[in-house]
Amino acid sequence: MAWTWRFEKSDGTETEPALTPDEFTTQGDAESWIGEFWKELLEGGAEQVTLFEDTTKIYGPMSLSADQA
C-alpha cells in the first residue's frame, strides 16, 4: 500500500512539484510531509493537492494557500 500526492494548479491540471516526495507507507506520514513542505510547494507552483492510496482518491483537492485553508 502506497500513499502519494497529486500536485495540481488551481484548475486541476497536474503540475510538477518543487519538491518530489517518495511514496509514503502511511497516511499520517504523507500528511505530515505536506504539512511540513506546503509553503515550498506553493511557491514552486503547486496550488492544491490530492491524496491517493494506491489508485484510490482519499481526499482533495485541498488548497495549499493559507487564505483558503
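We use all heavy atoms of the structure for the numbers below, so side chains are in, but hydrogens, waters and symmetry mates are not.
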May I have the list of side-chain donor-acceptor pairs in residues 34-44 shorter than 3.5 Å, sequence neighbours left out?
none

> Which is it for Met1 and Thr25 under the side-chain contact (heavy atoms from CB on, under 4.5 Å) test, yes or no, and what are the steps along the way?
Replying inline: CA-CA 7 Å; Met1 186 170 13; Thr25 56; over 6 Å; no

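Ring geometry, Trp33 versus Phe24: the interplanar angle falls from 30° to 60°, so the pair is classed tilted.
The side chain to side chain donor-acceptor pair (under 3.5 Å) contacts involving residues 1-12 comprise Arg6-Glu8, Arg6-Glu14, Glu8-Gln48, Glu8-Thr50, Asp11-Thr13, where partners must be two or more places apart or lie in separate chains. For residues 45-62, no residue pair satisfies the salt bridge (Lys or Arg N to Asp or Glu O under 4.0 Å) rule, not counting sequence neighbours.
Residues Ala46 and Leu64 approach most closely at O-CD1, 3.6 Å, considering heavy atoms.
The shortest distance between side-chain heavy atoms of Met62 and Leu51 does not fall below 4.5 Å.
For the 3.5 Å distance criterion, the side chains of Asp29 and Ser32 fail to qualify, holding no donor opposite an acceptor.
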